[in-house]
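These figures come from a predicted structure and were not determined experimentally.
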Amino acid sequence: MVLDRRDNVGFMTAADVRTESRASRRDRLLDAAAMIVIAEGWSNVTMSRLAAAVDVSRQSVYNELGGKDILAVALVLRENERFLSVVQLRLLENQRNMTAAITVAVEAALLQGQDNPLLKAVIAPGQAKADILLPLLATQPEPVLEAAVTMLTAFAEEHWTGCVSPQQDLLDLMDAVVRLTLSHLMQPNWPIARVTAMVGRMVDAAQAASGH
């Protein structure tokens with residue numbers, strides 16, 4: 001009897017192992033970079049230090065992450081994915097009510113931001129800890145903004161079709177919600193309750209304008 005390896009769910013090919021190992025190494029490198037940023041600032045992140053932290057060659061770090069500017073983008077986008085996973089969970093838990101779902105999701109993102117050591121290191125007043133990371137998050141937010149707007153819009157189209165119309169108004173609303181949330185993550189000058197209340201009014205107004 002010949003077993004088809006594809007039918008064995010637990011079987012991993014050599015390529016699978018290499019892929020998994022590479023993903024693990026990438027995460028360990030990003031973890032090491034985040035720890036240096038939190039403790040010492042972005043200017044102290046070097047490929048040599050990352051290589052030593054993960055016990056790989058300096059060339060391996062370059063092969064995995066490219067230059068320091070690419071590393072900055074990877075670090076920011078990974079953090080953004082973590083934020084969005086929490087946001088999506090809150091949306092799913094409250095999906096029957098569009099206003100409640102979005103306000104709870106925004107609250108979750110802002111609360112996570114309060115306790116996020118990397119974000120704190122980036123935006124800490126009076127500290128130049130992240131001379132490249134801060135522009136990526138604030139003055140050049142396109143990678144973060146696009147991912148968040150895409151996720152939120154897709155969720156809205158799937159669960160709240162017709163609640164806000166025409167379609168462009170829905171897109172504009174999701175964009176405004178994300179921009180407002182990102183702004184308060186970067187400059188948390190208002191209490192979270194005030195921000196979520198504003199978001200709730202925006203969503204209610206958009207639905208009312210559509211006759212809902």
Side-chain angles (χ1 to χ4, degrees), residues 34 37-38 72-125 127 129-130 133-212:
V37 172
I38 292 166
V73 173
L75 195 59
V76 168
L77 290 181
R78 186 181 71 156
E79 210 63 28
N80 190 49
E81 288 176 2
R82 292 174 174 175
F83 272 80
L84 291 183
S85 66
V86 173
V87 167
Q88 193 164 36
L89 178 60
R90 295 297 176 265
L91 291 172
L92 286 168
E93 291 173 346
N94 299 273
Q95 62 185 279
R96 294 189 178 185
N97 185 303
M98 183 179 184
T99 301
I102 293 177
T103 53
V104 168
V106 169
E107 179 184 47
L110 295 177
L111 287 172
Q112 187 178 4
Q114 280 187 339
D115 298 326
N116 186 290
L118 180 60
L119 185 58
K120 285 181 178 179
V122 171
I123 66 175
Q127 298 183 34
K129 282 195 169 185
L133 292 181
L134 184 55
L136 278 171
L137 287 169
T139 60
Q140 301 173 29
E142 286 78 11
V144 172
L145 187 66
E146 182 179 353
V149 171
T150 297
M151 185 277 288
L152 192 55
T153 301
F155 191 94
E157 290 175 333
E158 180 178 354
H159 297 278
W160 306 312
T161 302
C163 287
V164 175
S165 57
Q167 179 72 6
Q168 188 58 51
D169 286 354
L170 177 64
L171 296 176
D172 291 344
L173 174 63
M174 298 301 104
D175 185 83
V177 168
V178 171
R179 287 180 186 274
L180 180 61
T181 304
L182 185 59
S183 173
H184 285 277
L185 277 171
M186 294 298 98
Q187 295 181 316
N189 296 324
W190 289 359
I192 290 177
R194 183 176 178 183
V195 181
T196 56
M198 179 181 293
V199 169
R201 289 193 296 270
M202 287 171 52
V203 178
D204 282 340
Q207 292 182 87
S210 299
H212 294 276

J.: With a 3.5 Å distance limit and no angle check, can you tell me whether E81 reaches the backbone of R78 through a side-chain donor-acceptor pair?
T.: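 Not at all, since once roles are kept as given, no pair shorter than 3.5 Å links the two residues.
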J.: Can you tell if the side chain of R90 reaches within under 4.5 Å of the side chain of E107, non-hydrogen atoms only?
T.: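 Of all side-chain heavy-atom pairs linking E107 with R90, none is under 4.5 Å.
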J.: Going from CD1 on I102 to CE on M174, what distance comes out if it is rounded to the nearest 0.5 angstrom?
T.: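 Reported to 0.5 Å precision, the distance equals 4.0 Å.
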J.: Can you confirm whether M98 sits close enough to V164 that some side-chain heavy atom of one is under 4.5 Å from a side-chain heavy atom of the other?
T.: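 Yes, at least one pair of side-chain atoms sits under 4.5 Å.
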J.: Is there a side-chain hydrogen bond (donor to acceptor under 3.5 Å, both in side chains) between E158 and Q95? Walk through the geometry before answering.
T.: CA-CA 10 Å; E158 180 178 354; Q95 62 185 279; over 6 Å; no
J.: Measure across A109 and V87 and return the closest heavy-atom pair with its distance rounded to 0.1 Å.
T.: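 For A109 and V87, the tightest heavy-atom pair comes out as CB-CG2, 3.9 Å.
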J.: Heavy-atom distance under 4.5 Å between the side chains of N94 and T103, does that happen here?
T.: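 Sidechains of T103 and N94: no contact.
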J.: Using modelled atom types and a 3.5 Å cut-off, is there a donor and acceptor pairing between side-chain atoms of T150 and backbone atoms of A147?
T.: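 Not a single qualifying donor-acceptor pair exists.
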J.: Out of curiosity, Q207 CD to D169 CG, how far, rounded to the nearest 0.5 Å?
T.: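 If we round to the nearest 0.5 Å, Q207:CD and D169:CG are 12.5 Å apart.
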J.: Looking at R82 and Q112, what are the two nearest heavy atoms and their distance?
T.: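 Heavy atoms only, the tightest pair is O-NE2, 3.8 Å.
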J.: In the structure I gave you, are the side-chain heavy atoms of R179 and V149 within less than 4.5 Å of one another anywhere?
T.: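 No. Closest side-chain heavy atoms not under 4.5 Å.
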J.: Any side-chain heavy atom of M202 sitting closer than 4.5 Å to one from L180?
T.: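 Contact flag for M202/L180 side chains = yes.
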J.: Taking T181 for the side chain and V177 for the main chain, is one N or O donor matched with an acceptor at less than 3.5 Å?
T.: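 Yes, T181 side chain to V177 backbone: donor-acceptor pair under 3.5 Å.
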J.: Quick one: does V37's side chain get under 4.5 Å of L118's, heavy atoms only?
T.: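 SC-SC contact between V37 and L118 confirmed.
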J.: Roughly how far apart are L145 CG and L182 CG, rounded to 0.5 Å?
T.: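 One gets 6.5 Å once the value is rounded to the nearest 0.5 Å.
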J.: Under 3.5 Å, is there a donor-acceptor pair between the side chain of W160 and the main chain of F155?
T.: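 Judged by distance alone, no pair lies under 3.5 Å.
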J.: Could you give the distance from CD (Q168) to CG (D172), rounded to the nearest 0.5 Å?
T.: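 Q168 CD to D172 CG: 4.5 Å, rounded to 0.5 Å.
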J.: Picking from D175, L91, L171, what satisfies side chain to side chain contact (heavy atoms under 4.5 Å, CB included) with L152?
T.: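 That would be L91; it is the only one of D175, L91, L171 passing the side chain to side chain contact (heavy atoms under 4.5 Å, CB included) with L152.
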J.: Shortest non-hydrogen contact from E79 to N116?
T.: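 For E79 and N116, the tightest heavy-atom pair comes out as OE2-ND2, 2.7 Å.
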J.: Strictly distance-based, threshold 3.5 Å: is any side-chain N or O of S210 a donor or acceptor partner for the main-chain N or O of S165?
T.: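 Judged by distance alone, yes, a pair lies under 3.5 Å.
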J.: Quick one: closest heavy-atom pair of P188 and L185, and the distance?
T.: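 Taking every non-hydrogen atom into account, CD-O, 4.0 Å.
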J.: Would you compute the distance between atom CG of N80 and atom CD of E146 and round it to the nearest 0.5 angstrom?
T.: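 So the CG of N80 and the CD of E146 are separated by 11.0 Å.
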